[in-house]
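For reference, the structure is listed below as structure tokens.
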4 protein chains.
Amino acid sequence: MQDHKNAGKLTTYAALDPADLVAIAIAHVLALFIGVSMAANISGGHLNPAVTFGLATGGNITIITGLFYWIAQCLGSIVACFLLQFVTDGMNGVQGVAMEIIITFGLVYIVYATIVDPKKGSIGTIAPIAIGFIVGANILAAGPFSGGSMNPARSFGPAVVNGDFSQNWIYWVGPLIGGGLAGVIFGDVFIGSYQTLPTSEDYA
Amino acid sequence: MQDHKNAGKLTTYAALDPADLVAIAIAHVLALFIGVSMAANISGGHLNPAVTFGLATGGNITIITGLFYWIAQCLGSIVACFLLQFVTDGMNGVQGVAMEIIITFGLVYIVYATIVDPKKGSIGTIAPIAIGFIVGANILAAGPFSGGSMNPARSFGPAVVNGDFSQNWIYWVGPLIGGGLAGVIFGDVFIGSYQTLPTSEDYA
Amino acid sequence: MQDHKNAGKLTTYAALDPADLVAIAIAHVLALFIGVSMAANISGGHLNPAVTFGLATGGNITIITGLFYWIAQCLGSIVACFLLQFVTDGMNGVQGVAMEIIITFGLVYIVYATIVDPKKGSIGTIAPIAIGFIVGANILAAGPFSGGSMNPARSFGPAVVNGDFSQNWIYWVGPLIGGGLAGVIFGDVFIGSYQTLPTSEDYA
Amino acid sequence: MQDHKNAGKLTTYAALDPADLVAIAIAHVLALFIGVSMAANISGGHLNPAVTFGLATGGNITIITGLFYWIAQCLGSIVACFLLQFVTDGMNGVQGVAMEIIITFGLVYIVYATIVDPKKGSIGTIAPIAIGFIVGANILAAGPFSGGSMNPARSFGPAVVNGDFSQNWIYWVGPLIGGGLAGVIFGDVFIGSYQTLPTSEDYA
């Protein structure tokens, strides 16, 4: 494995050090698990044009549906990159709050997708893994910037013991906005829509 | 990713080195998995005011219940921080025993929550993951202090082979107190309460 | 554990550094999980002559079937080593495309094996783990060479934000060929074969 | 977290470096998962006197049974430490074969416990995790000594490509003995015993 270190490489910033490589690999293990768990029961969990294309060549998705997924996937990637550029270009209170909103939104969204959603199916069996994985992924992403709290209580205890509340507001405002948004979108809109759909049994 | 190392950061001790960041992220993956698995069937697994708030905005929990959770979450965080301060401020036999009590309590508690508890439900399917994860999390927390044994047999074998029993008592006293306490609380109190509750069938 | 570093070792390139060892161990955790998940429902998941031999001595597989597995296992290992030698001997556009074909084939194949395949059985419960694990394993393998994208959208967003599309074609051509091939083989051939088999119910 | 590095510690070789600590923690995550999965359906998965004691105080196991578990746990720990001392004291062909026998025995044993055993129950759902985890754990243990192959095919391919078969015999002899032993013990003895037990239905 040491011999490979001298081999040519295609990308300029490709990680060659084991610790870097493990960090990147673990981030992707966590992130892909999360992406699939989050989206599986809403839209099928398509995060990747190559997977969508593979399912089309195998006859398991239509070309038209696949094209819509491709557009959504590329738009999502662009938006994510601009968002990342914004929250990591320096770091002040506003950016810390923005970072905490984004990562706590993800956490509470996956709580809905794997625990609360009545349509969660067998993903419920591995819900504790999903919660652990999204918190780990968010810390890998946000750790060097806002610290990656997502949890006001986790920041409140140390503030009490240290007697230092100077930045504690960030870890209340950001997580509560992010968590509240996820609750509105998944709880009120997605799950709410299940209940307002008239089903045939309603007329029985 | 290397470029990010020069970016501003909000928290003073934010980890920037991949190995530090991976250690912190893995600790949280394990800890959140454990927290959710431990508490899911007793109180719903609320560890985080932002998650509780999200579930309230989504209409899946009442405001009043949420407020009680908030108080419990903040009190738990403060108690944990004081406890951590005590067991890691220097390290002697008493602190080693205290550390082993705390981490073994967690281990045996999760054995009850995921294997023994008749109400464990689908969490039983992933019980071996829960046991592995709590031992890993406890070692990340206690490894640099008491070594994180949790297991008298694990410490007894090396003591026999090395002929050095000087600190072996710590790894019998701490784990047995911690494990015994978890047995009393979960086995006798929680599970015991299921059986003493008169159910409607009892009167049938 | 530090003491072991001075112990003798059998293999010349055996990893002694914790970070190297963790990287290698994680790669194998991910790879074996994937290998078993991929093949379990097609051929039983035999990747190892010693496992095949153990199942033969235990009376759970015949000697003849075991011999065919041994031949397939040794041929697979030789082909993999030559392939690895080709894609990592220097790195240009052709090798980058070849690397992305191979790893994306694996990703989409496991999407079929754990999500799409109607015969997937209980492996479906842990499908998000399988997706996360194969992406992590592929990054550990391909990260230092092509970067290990497997996902055109993941490469497209950064290209848009950075305004640099110079090598973006590699991450469209490679993944789409690899994903398309997996769709043809698993979707059209394997799953297609289930549906063309006349079953007794067809004649009922 | 950096501040803790100066804190006192109880054990002489306690890991303070994040990479060491992560390696040790991951080894324990994998090992405990494996130990519980291996033994859960044969003897209940008791690896730890403190867990056994906790189950006794909680009323879920009798004191007498617990005492037998304590003796087995301490004996197992002593045997394991002597075995470890033997296989890691220098490294020649005999020790390499012994190491590969031990780790391949574990691998094939867990294949039986989680896939082949008709009494495996819900552990079958997470069998691919068990296979991945034991291979990772064995590499963390044996990697610096014999390399931790467990798989003749995995060693045969590189030998063919490099044209170097000088030590290849070790990776055939060790794994085949270890795998064969596991097949005899679990397949012929344990599973064999299920079938020879006369059950009440046999006489119906």
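In what follows, chains carry the letters A, B, and so on, assigned in the order in which the sequence lines appear, proteins first and then strands, with residues in each chain numbered from 1.
Atom CZ of A/Phe68 has 12 or fewer heavy atoms from other residues, nucleotides or ligands within 6.0 Å.
Closest non-hydrogen pair, A/Leu55 versus C/Val116, comes out as CD2-CG2, 3.5 Å. The two residues A/Gly54 and C/Tyr112 make their nearest non-hydrogen contact at O-OH, 3.2 Å. Residue C/Gly187 comes nearest to A/Asn60 through the heavy atom pair CA-OD1, 4.2 Å, listed as atom of the first residue, atom of the second, then distance.
With a threshold of 4.5 angstrom between heavy atoms, A/Gln85 approaches chain C through side-chain atoms but not through N, CA, C or O. Heavy atoms closer than 4.5 Å to chain A are found in the side chain of C/Thr104, but not in its backbone. With a 4.5 Å cut-off on non-hydrogen atoms, C/Leu30 touches chain A through its side chain but not through its backbone. Interface residue A/Ile126: only side-chain heavy atoms are found under 4.5 Å from chain C. Residue A/Ile26 touches chain C through its side chain alone, counting heavy-atom pairs closer than 4.5 Å. With a 4.5 Å cut-off on non-hydrogen atoms, A/Ile129 touches chain C through its side chain but not through its backbone. Only the side chain of C/Val160 has a heavy atom closer than 4.5 Å to any heavy atom of chain A.
In this structure, A/His28 and C/Arg154 have side chains that are in contact, with non-hydrogen atoms separated by less than 4.5 Å. By the 4.5 Å heavy-atom criterion applied to side chains, A/Pro18 and C/Val22 are not counted as neighbours.
For the set C/Asn151, C/Leu181, C/Ile185, C/Asp188, the entry with the most heavy-atom pairs within less than 4.5 Å of chain A is C/Asn151. Annotation: maximal heavy-atom pairing with chain A below 4.5 Å, among C/Gly148, C/Ala27, C/Pro152, occurs at C/Pro152. Among C/Phe186, C/Trp172, C/Phe133, the residue making the largest number of heavy-atom pairs under 4.5 Å with chain A is C/Trp172. Between chain A and the options C/Val189, C/Leu176, C/Leu107, the largest number of non-hydrogen pairs under 4.5 Å is found for C/Leu176. Looking only at heavy-atom pairs under 4.5 Å with chain A, the residue among C/Pro175, C/Gly180, C/Ala182 that has the most is C/Gly180.
Across A/Val29, A/Leu47, A/Leu32, a single residue satisfies side-chain contact (heavy atoms from CB on, under 4.5 Å) together with C/Ile131, and that is A/Leu32.
Judged by distance alone, with hydrogens and angles left aside, the side-chain atoms of A/Ser77 form a donor-acceptor pair with the main-chain N or O of C/Ala153 at under 3.5 Å.
For the atom pair CD1 of C/Ile177 and OG1 of A/Thr57, the computed distance is 12.0 Å after rounding to the nearest 0.5 Å.
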